[in-house]
Amino acid sequence: MSIARRSTTLIKISLAAASLTLLSGCFERHRSTDSLCENYPEICADTNLNDGQCRLQRTNLIWQRYDVLKNPVSGEKFKELKFTYDYQKCLEFAARIEPTELKERKTRRTSALIKSYESIRRLSEELAKSDDPEIIYYRWSQGDKGALRQFLRLEGSPALETPELQLALATYYTEKDKEKTIQLLKHALELYERGQSIKPEIIQSLATLSHQTKSIANAYLWSRIGTELGASVVSQEKLISFYPMPEEQRQLLDIKAKKISKSLEKGNFSARMVN
């Protein structure tokens with residue numbers, strides 16, 4: 001090997017080693033929540049640090065605040081908002097606990113609880129103009145009528161092509177158009193991929209709506225699908241009493257329920273399977 005080639009190789013090795021050292025240093029600085037708070041006290045100052053209560057929720061929130069600090073986009077702020085709600089819910093309970101020692105802990109919990117309300121208000125204001133469909137739906141769920149109109153304008157667009165957002169859209173039509181609601185819920189099931197956890201409320205809503213629209217066979221079918229997927233609490237005996245039908249028809253529906261359940265688990269369900 002020539003001297004020039006050896007020199008180039010040594011430079012590359014040195015640069016790689018320096019990069020690894022720098023990366024190791026980053027992990028070393030932030031390998032714990034305590035070290036993160038030492039480096040970024042502003043993301044921890046309004047929490048009940050060094051308190052056994054709400055430790056998990058506090059840790060999740062602090063690390064999410066760090067993510068927002070690095071990447072202050074609406075999606076990350078929305079995650080922070082959800083973690084803040086979790087933290088607030090825990091604090092509301094913890095603030096009522098009387099510590100046997102260190103009475104100031106209750107004061108810190110109460111202070112952290114008050115600050116959590118302020119954080120939620122601030123984050124909600126910052127997200128008010130976001131065009132992210134999930135955030136628009138969140139604002140609608142909080143009573144923002146403008147957000148409802150904004151959300152409905154997205155109907156039929158790729159932006160709402162997720163199971164969760166199709167379910168959200170279906171909730172709007174539940175009292176207005178039951179048949180459309182059923183179609184939206186079935187489309188939500190079409191959007192699940194293999195291995196994804198199916199929201200049980202979709203199956204339960206399909207069974208309920210089929211019952212309400214006098215579609216007895218489909219009400220029974222969706223109830224059986226719920227049983228196959230572990231999303232139903234109705235026993236087979238009750239289903240038989242709720243939906244009387246010839247035994248041959250029931251057996252065919254049971255077979256169909258098993259096939260549809262397998263299709264849902266594999267992520268290749270089609271609404272035509274029920275029609």
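Since the model is a prediction, treat every value here as computed from it, not as a measurement.
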Participant: Taking the side chain as every heavy atom from C-beta outward, state whether L221 and K256 have any atom pair closer than 4.5 Å.
Facilitator: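 The answer is yes; the side chains approach within 4.5 Å.
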Participant: Quick check against the 3.5 Å criterion: does E161 have a side-chain atom that pairs as donor or acceptor with the backbone of L191?
Facilitator: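 No: the side chain of E161 does not pair with the backbone of L191.
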Participant: Checking R65 side chain against I43 main chain: does a donor-acceptor pair fall under 3.5 Å?
Facilitator: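 Yes, because the side chain of R65 sits within donor-acceptor range (under 3.5 Å) of the backbone of I43.
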Participant: Looking at side-chain heavy atoms only, is the closest gap between L229 and I203 below 4.5 Å?
Facilitator: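 Result yes, sub-4.5 Å side-chain heavy-atom pair found.
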Participant: Do the side chains of E126 and R122 get close enough for a salt bridge, i.e. N-O under 4.0 angstrom?
Facilitator: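 Yes, this pair counts.
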Participant: Decide yes or no on side chain to side chain contact (heavy atoms under 4.5 Å, CB included) for Y40 and I62, but give the supporting numbers first.
Facilitator: CA-CA 10 Å; Y40 300 92; I62 287 171; over 6 Å; no
Participant: Might you point out which heavy atoms bring Q88 and S116 nearest each other, and give the distance in Å?
Facilitator: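 Smallest heavy-atom distance, with atoms named: CG-OG, 3.4 Å.
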Participant: Drop me the distance from L56's CG to C90's SG, to the nearest 0.5 angstrom.
Facilitator: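 Going from CG on L56 over to SG on C90, the span is 8.5 Å.
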Participant: L209 versus L185: any side-chain heavy-atom pair under 4.5 Å?
Facilitator: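 When only atoms from C-beta onward are counted, L185 and L209 do touch, with a gap below 4.5 Å.
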Participant: Knowing that exactly one of T47, N48, D51 qualifies, which makes a side chain to side chain donor-acceptor pair (under 3.5 Å) with R109?
Facilitator: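 Going through the options one by one, the only one that passes is D51.
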Participant: Where the side chain of E190 meets the backbone of A271, is there a donor-acceptor pair that is under 3.5 Å apart?
Facilitator: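 Yes, E190 side chain to A271 backbone: donor-acceptor pair under 3.5 Å.
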Participant: Rounded to the nearest 0.5 Å, what separates atom CG in N60 from atom NZ in K82?
Facilitator: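 These two atoms lie 12.5 Å from each other.
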Participant: How about CD on E193, more than 12 heavy atoms from neighbouring residues, nucleotides or ligands closer than 6.0 Å, or not?
Facilitator: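 Counting other residues, nucleotides and ligands, CD of E193 stays at 12 neighbours or fewer.
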Participant: Do other residues, nucleotides or ligands put more than 12 heavy atoms under 6.0 Å from K199 NZ?
Facilitator: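 No.
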Participant: What is the minimum heavy-atom distance between C54 and L91, and which atoms define it?
Facilitator: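 Closest heavy-atom pair between C54 and L91: SG-N, 3.6 Å.
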Participant: Using the disulfide bond (SG atoms under 2.5 Å apart) rule, collect all pairs that involve residues 129-163, keeping only residues at least two apart or in two chains.
Facilitator: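 Disulfide bond (SG atoms under 2.5 Å apart) check on residues 129-163 returns no pairs.
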Participant: What pair of heavy atoms forms the shortest contact from L113 to A95, and how long is it?
Facilitator: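 Here L113 and A95 meet closest at CD2-CB, 4.3 Å.
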Participant: Taking D67 first and then K70, would you say they form a salt bridge - that is, a charged N and a carboxylate O separated by under 4.0 Å?
Facilitator: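 A salt bridge is present here (some side-chain N lies under 4.0 Å from a carboxylate O).
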Participant: Which pairs of donor and acceptor atoms, one on a side chain in residues 242-252, lie under 3.5 Å apart (sequence neighbours left out)?
Facilitator:
from: Y243; atom 1: OH; to: H211; atom 2: ND1; distance (Å): 3.0
from: R250; atom 1: NH1; to: Y243; atom 2: O; distance (Å): 3.4
from: R250; atom 1: NH2; to: Y243; atom 2: O; distance (Å): 2.9

Participant: Test of understanding: clusters of I, L, V, M, F, W, Y form through side-chain heavy atoms closer than 4.5 Å, transitively. Do I182 and I216 belong to the same one?
Facilitator: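 Looking at the clustering, I216 is in the same group as I182.
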Participant: Looking at R58 and Q53, would you say the former's side chain and the latter's main chain have a donor-acceptor pair under 3.5 Å?
Facilitator: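 Judged by distance alone, yes, a pair lies under 3.5 Å.
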Participant: For Y220, give me all partners under ring-ring contact (aromatic ring centres under 6.0 Å, His included), at least two apart in sequence or on another chain.
Facilitator: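 By the ring-ring contact (aromatic ring centres under 6.0 Å, His included) rule, Y220 matches no residue at all.
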Participant: Return the minimal non-hydrogen interatomic distance between A207 and A219, and the atom names on each side.
Facilitator: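 Taking A207 first and A219 second, the nearest heavy atoms are O-CB, 3.8 Å.
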Participant: Do K77 and D132 meet the salt-bridge criterion of a basic N to acidic O distance under 4.0 Å?
Facilitator: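 Salt bridge: no.
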Participant: Could you give the distance from OH (Y87) to CD (E92), rounded to the nearest 0.5 Å?
Facilitator: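 One finds 12.0 Å between OH of Y87 and CD of E92.
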Participant: Please round to the nearest 0.5 Å and tell me the distance separating atom NZ of K258 and atom CZ of R224.
Facilitator: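 Nearest 0.5 Å value for the NZ-CZ distance: 6.0 Å.
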Participant: In this structure, are over 12 heavy atoms from other groups packed under 6.0 Å from Y117 atom OH?
Facilitator: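 Yes, because the 6.0 Å sphere around OH of Y117 holds more than 12 heavy atoms from other groups.
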Participant: With heavy-atom distances below 4.5 Å as the criterion, would you say the side chains of L184 and Y172 are in contact?
Facilitator: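 SC-SC contact between L184 and Y172 ruled out.
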Participant: Using a 4.5 Å cut-off on heavy atoms from C-beta on, say whether the side chain of L69 contacts that of E42.
Facilitator: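 Sidechains of L69 and E42: in contact.
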Participant: Quick check: does any side chain N or O of S111 sit under 3.5 Å from a backbone N or O of R108, one acting as donor and the other as acceptor?
Facilitator: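 Not a single qualifying donor-acceptor pair exists.
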Participant: Say whether L167 and W140 are linked into one hydrophobic cluster, either directly or through other cluster members, by side-chain heavy-atom distances under 4.5 angstrom.
Facilitator: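 No, no single cluster joins them.
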Participant: Using 0.5 Å steps for rounding, measure from the OG atom of S141 to the CD1 atom of I136.
Facilitator: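 Result: 12.0 Å between the selected atoms.
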Participant: Under a 4.5 Å side-chain heavy-atom rule over Ile, Leu, Val, Met, Phe, Trp and Tyr, are L49 and W63 clustered together?
Facilitator: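 Same hydrophobic cluster.
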Participant: Test question: given the 4.5 Å side-chain rule for I, L, V, M, F, W and Y, name all other residues clustered with I135, or answer none.
Facilitator: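 In the cluster with I135 are F78, L81, Y85, I120, L123, L127, Y138.
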Participant: Return each pair, listed once, that meets side-chain hydrogen bond (donor to acceptor under 3.5 Å, both in side chains) where at least one residue sits in residues 260-269; pairs must be two or more places apart or across chains.
Facilitator: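 Passing the test, one end in residues 260-269: no pairs.
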Participant: Verify side chain to side chain contact (heavy atoms under 4.5 Å, CB included) between L206 and K186, making sure each step is shown before the conclusion.
Facilitator: CA-CA 8 Å; L206 282 164; K186 287 193 290 187; 4.0 Å; yes
Participant: Could you state whether L169 and Y192 fall into the same hydrophobic cluster, counting links through intermediate Ile, Leu, Val, Met, Phe, Trp or Tyr residues with side-chain heavy atoms under 4.5 angstrom apart?
Facilitator: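 Different clusters.
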Participant: Could you list the donor-acceptor pairs under 3.5 angstrom formed between side-chain atoms of residues 145-155 and any protein atom two or more places apart in sequence or on another chain?
Facilitator:
from: Q150; atom 1: OE1; to: R139; atom 2: NH2; distance (Å): 3.4
from: E155; atom 1: OE1; to: Y173; atom 2: OH; distance (Å): 2.6
from: E155; atom 1: OE2; to: K180; atom 2: NZ; distance (Å): 2.7

Participant: Under a single-linkage definition using a 4.5 Å side-chain heavy-atom cutoff for Ile, Leu, Val, Met, Phe, Trp and Tyr, are M273 and W222 assigned to the same hydrophobic cluster?
Facilitator: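 The answer is yes; both residues are in one hydrophobic cluster.
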Participant: Would you say the side chain of I225 lies within less than 4.5 Å of the side chain of L264, judging by non-hydrogen atoms?
Facilitator: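 Yes, side chains in contact.
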Participant: Could you walk me through whether Y66 and T33 pass the side chain to side chain contact (heavy atoms under 4.5 Å, CB included) test, one step at a time?
Facilitator: CA-CA 10 Å; Y66 177 58; T33 305; over 6 Å; no
Participant: Which atom names give the shortest non-hydrogen contact between L165 and A159, and what distance separates them?
Facilitator: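 Closest approach of L165 to A159: CD1-O, 3.4 Å.
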Participant: Looking at S205 and I202, would you say the former's side chain and the latter's main chain have a donor-acceptor pair under 3.5 Å?
Facilitator: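 Absent.
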Participant: So, the side chain of E76 versus the backbone of Q64: is there a donor-acceptor pair under 3.5 Å, distance only?
Facilitator: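 Not confirmed, E76 side chain does not pair with Q64 backbone.
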